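For reference, the structure is listed below as structure tokens.
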Amino acid sequence: MTQNKTAKPTNFIETVIQEDLRTNKYGGRVHTRFPPEPNGYLHIGHAKAISINFGIAEDYKGLCNLRFDDSNPMKEKQEYIDAIRDDIRWLGFDWEDREYYASDYFDQLYEWAVKLIKDGKAYVDDLSADEIREHRGTLTEPGKESPYRKRSVRENLDLFKRMRAGEFPDGFKVLRAKIDMAAPNINMRDPVMYRILHESHYRQSNKWCIYPTYDWTHGQSDSIEGITHSLCSLEFEDHRPLYDWFLEQLGVYHPQQIEFARLNLSFTVMSKRVLKRLVEEGYVSGWDDPRMPTISGLRRRGYTPESIRSFCQRIGVAKADSIIDIALLEHCLREDLNKRAPRVMVVLRPLKVVIDNYPEKQVEELDAINNPEDESMGIRKVPFSRVLYIEQDDFREEPPPKFYRLALGREVRLRYAYFIKCVDVVKDEKGNVVELHCTYDPQTRGGDAPDGRTSKATLHWVSAAHAIKAEVRLYDRLFVKPDPDDVEEGKDFTVNLNPNSLEILKDCYGEPSLKTAKIGDRFQFERLGYFYVDLDSSPDALVFNRTVSLRDTWAKIEKAQKRG
RNA sequence: UGGGGCGUCGUCUAGUGGUAGGACACAGGAUUUUGGAUCCUGGUGCGGAGGUUCGACUCCUCCCGCCCCAGCCA
């Protein structure tokens, strides 16, 4: 992963870093950080930020800190800290002993606030939240100065101390930076630095009843940690002048902030608010529901960390707002899984097949290749006998054009087994096909015909007597529209939820080698897709999640045919 | 109608004055005991208009469009 410092930059951030390295701006150091707020679970969008921050540190032989931006006691919890740590580790990144907390800087921040007050750069304001909003002006009109803006340094100092001492109730006073109420950049119109919150902090307990705002915390935290490049998303671009101002007034070390566009993915949502609603209103089973774009959801779905990292590499880094096609994520997943997942045969929707000319009690152990992409994964034995299951989709009474699979009178190959020919179809009283009778050609054992004839279709199958029953959960995209927020006036994203995003199949049959499948194992079910053994699985009740289907050319043809 | 950003194939992204490249997607074809995988082939797409220049995606001007900001959230 380590690349030469003079290697061609892969994005505009690296261009800046290489230039800083060249000019020795930070003494040759590259030090980044990933600064999540522990108020929720990480999602694939965070994976991009993680990948950028840790990736750049890795590539330039620098360091990347993990810092929890925990300045709001109302929202933050230890539970999220733990989950975030797990997710980052799972992705494969390491912050060693550099785990920091903005809340550990509260004392320093307080001292700095006192310094600003003494310098006449900050003041205690008695205005209510509503009044402050009114005084702020609008996008086109300047704000008005607070009547308390001219308080003396001594009074400000006294008041601020008393704020900290708990003399005032929540919301009664705030500490504000004294900048410019007429600034065209609204962030510079005397932003709030401290608010009174008689609230226990998950790490600081009741030590504080005033808490610094993010704007007053973030830049100084980066400064304290000696961060060289503070990489963040675009919406903080117009906060940068404020961060610069604070650092300048304080006269402390000044990191460089660089903003990039956050990740958007088609057919899913990234907003914490929406994700939270999906969980709380029961549209999904939890933060780790396999349909969620959370790291924990993707993990449970069966995504590999490698595939996510590869995805983050490929999408690049830029400043233009964009929506990445989720097909790219799925491509990265398949690419990785194709190389590593052992193949196995599982029938999802079983259709019974009796091989009429196959001896009643006979069982043969046939050789099957574990992974055609990786010979070292070897072979296994698969039992074949007179009664089998094949996929319902693999038989048609009236085969449409280009349908190569089984139909009455047709011959196909059973993977690693024999050529079989359908000679009879059994239906129930409603006319549903419930059983097929076939004959096999003993000459084709293993799947090759000595006379050179071939089959356009090769079907997966399972021996009924040897099959292992399993539950399979078929997951699909959570939303039916590329942009889930594309809704009529007055409606919300819930109208775009995909009603078929989860289908549970309880009567699936797998080959006996699956007996030893453990939670967390990944397989390719031949011709179907990649599957992951779910947390709910047990040795006698296997549960598989479909991570992603295989590319399905036939489905495309059929869809095109239906379209006309 | 304030400020800050951004506009290159369908979607991302490279290119920073010298024939617009890559990935995904899509469409053909080859191959195949997974309709998988693999391998070929297929695209004039730089928001618009002027200007500078021998030459402009790159520089200048104007215009158009999109995103962000009026939390005591981050």
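All heavy atoms count here, side chains included; hydrogens, waters and symmetry mates do not. Computed from a predicted structure; not experimentally measured.
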When you measure from the side chain of A:Glu237, which nucleotide among B:G4, B:C12, B:U34 comes out closest?
B:G4
Should the heavy atoms of other residues, nucleotides or ligands under 6.0 Å from CD of A:Glu365 be counted, would the total exceed 12?
yes
For B:G35, does the base pair up with any side-chain atom of A:Asp552 as donor and acceptor (N or O, under 3.5 Å, distance only)?
no
B:A74 OP1/OP2 closer than 4.0 Å to side-chain N/O of A:Thr213:
no
Closest to the side chain of A:Asp238, out of B:G35, B:G5, B:C69, is B:C69
Name the residue from A:Asp125, A:Asp215, A:Asp126 that meets the salt bridge (Lys or Arg N to Asp or Glu O under 4.0 Å) definition with A:Arg176.
A:Asp125
A:Arg527 CZ - B:U32 C1' separation (whole Å)
14 Å
Between B:C24, B:U34, B:U1, which nucleotide has the shortest distance from any of its atoms to the side chain of A:Pro372?
B:U34
Which part of the nucleic acid does A:Ile557 contact within heavy-atom distance under 4.0 Å: base, sugar-phosphate only, or nothing?
base
If I take atom CG in residue A:Asn185 and atom P in nucleotide B:G5, what distance separates them, rounded to the nearest angstrom?
10 Å
Can you tell me whether the side chain of A:Gln524 and the base of B:U34 have a donor-acceptor pair closer than 3.5 Å?
yes
Once you apply a heavy-atom cut-off of 4.0 Å, does A:Asp448 come out as touching a base, just sugar-phosphate, or nothing?
base
OP1 or OP2 of B:C26 versus the side-chain N and O atoms of A:Lys556: is any pair under 4.0 Å?
yes
Do the side-chain N or O atoms of A:Ser71 get closer than 4.0 angstrom to the phosphate oxygens (OP1, OP2) of B:C73?
no
OP1, OP2 of B:U34 versus side-chain N and O of A:His460: anything below 4.0 Å?
no
Which part of the nucleic acid, if any, lies within contact of A:Ala318, taking any heavy atom under 4.0 Å across all strands shown: a base, the sugar-phosphate backbone alone, or nothing?
sugar-phosphate
Per atom distances to the A:Asp325 side chain, the nearest of B:U13, B:U11, B:A37 is B:U11
A:Trp461 CH2 - B:U34 C1' separation (whole Å):
14 Å
Phosphate OP1/OP2 of B:A74 contacted by A:Arg195 side-chain N/O (<4.0 Å):
yes
Grab the CH2-P distance between A:Trp554 and B:U34 for me, whole Å please.
18 Å
Closest to the 5' end of RNA chain B, once A:Tyr416 and A:Ala327 are matched to their nearest nucleotides, is A:Ala327
Base-pairing assignment for B:A74 (Watson-Crick or G-U wobble, both under 3.5 Å):
none
Tell which nucleotide pairs with B:U58, taking only Watson-Crick or G-U wobble pairs whose two distances are both under 3.5 angstrom.
none
Does the structure show a Watson-Crick or G-U wobble partner for B:A27, both distances under 3.5 Å? Name it, or say none.
B:U41
Can we say A:Arg162 and A:Glu167 salt-bridge, meaning some charged N sits less than 4.0 Å from an Asp/Glu carboxylate O?
yes
Ignoring hydrogens and angles, state whether a donor on the side chain of A:Tyr418 or A:Glu364 is under 3.5 Å from an acceptor on the partner side chain.
yes
Any donor-acceptor pair under 3.5 Å linking the side-chain atoms of A:His460 with those of A:Arg527?
yes
Quick one: look up who B:U1 pairs with, Watson-Crick or G-U, both distances under 3.5 Å, and put none if it's unpaired.
none
In terms of side-chain geometry, is the basic nitrogen of A:Lys556 or A:Asp552 positioned less than 4.0 Å from the acidic oxygen of its partner?
no
When you check the phosphate oxygens OP1 and OP2 of B:A37, does a side-chain N or O of A:Arg551 lie under 4.0 Å from one of them?
yes
Looking only at the side chains, is there a donor atom on one of A:Glu141 and A:Thr138 sitting less than 3.5 Å from an acceptor on the other?
yes
chi for B:G45 classified (syn = within 90 degrees of 0, anti otherwise) as anti
Please report the distance separating the P of B:G45 from the corresponding atom of B:G21, rounded so that it comes out in whole Å.
13 Å
First of A:Asp130 and A:Leu329 reached from the 5' end of RNA chain B, by closest nucleotide
A:Leu329
If pairing means Watson-Crick or G-U wobble with both distances under 3.5 Å, then the partner of B:G21 is B:U13
Between A:Trp461 and A:Tyr389, does the ring centre distance come in under 6.0 Å?
no
Now, which nucleotide makes the Watson-Crick or G-U wobble pair with B:C46, with each of the two distances under 3.5 Å?
none
Rounded to whole Å, CZ of A:Phe525 lies from P of B:U34 at a distance of 19 Å
Using a heavy-atom cut-off of under 4.0 Å over every strand shown, decide if A:Tyr194 touches base, sugar-phosphate, or nothing.
nothing
Taking only the side-chain heavy atoms of A:His331 (C-beta and beyond), determine which of B:A70, B:A25, B:A74 contains the nearest atom.
B:A25
Can you tell me if the side-chain N/O atoms of A:Arg334 get under 4.0 Å from OP1 or OP2 in B:C24?
no
Mind checking A:Leu265 for me? I need base, sugar-phosphate or nothing, with any heavy atom below 4.0 Å counting as a touch.
nothing
I'd like to know if A:Arg405 reaches the base of B:G35 with its side chain such that a donor and an acceptor end up less than 3.5 angstrom apart.
yes
Closer than 4.0 Å, any side-chain N/O of A:Arg314 to the OP1 or OP2 of B:U13?
no
Let's see if you can work this out: which of B:G36, B:C69, B:U34 has an atom nearest to the side-chain heavy atoms of A:Thr553?
B:G36
Base, sugar-phosphate, or nothing: which does A:Glu37 touch, judged by heavy atoms less than 4.0 Å apart?
sugar-phosphate
Within the 6.0 Å centroid threshold, strictly below: A:His46 and A:Tyr41
no
A:Thr138 near the nucleic acid: base, sugar-phosphate alone, or nothing, with a heavy-atom cut-off under 4.0 Å?
base
Has the side chain of A:Glu373 got a donor or acceptor that lies under 3.5 Å from a partner of the other kind on the base of B:G36?
yes
Select base, sugar-phosphate, or nothing to describe what A:Arg343 touches, counting heavy atoms under 4.0 Å on all strands.
base
Could you please name the option among B:A74, B:C72, B:C12 that lies closest to any side-chain atom of A:His239?
B:A74
Tell me: CD of A:Glu259 to P of B:C6, nearest whole Å?
10 Å
Out of B:G3, B:A74, B:U34, minimum distance to the side chain of A:Pro184 belongs to B:G3
Quick one: which of B:C6, B:U34, B:G2 gets closest to the side chain of A:Ala320?
B:C6
For the pair A:Lys319 and A:Glu237, find out whether any cationic side-chain nitrogen is under 4.0 Å from an anionic carboxylate oxygen.
yes
Pair partner, B:G65 [Watson-Crick or wobble, under 3.5 Å]
B:C6
Classify the nucleic acid contact of A:Leu139 as base, sugar-phosphate or nothing, counting any heavy atom under 4.0 Å across all strands shown.
base
Rounded to the nearest angstrom, tell me the gap between atom NE2 in A:His218 and atom C1' in B:A74.
10 Å
Under 4.0 Å, heavy atoms only, any strand: does A:Phe68 hit a base, just the sugar-phosphate, or nothing?
nothing
Of the candidates B:G36, B:A74, B:G71, the side chain of A:Arg136 sits closest to B:G71
Rounding to a whole Å, what distance do you find between A:Tyr41:OH and B:A74:P?
21 Å
By the 4.0 Å heavy-atom rule, please label A:Ile132 as base, sugar-phosphate, or nothing.
base
When you check the phosphate oxygens OP1 and OP2 of B:G35, does a side-chain N or O of A:Arg415 lie under 4.0 Å from one of them?
no
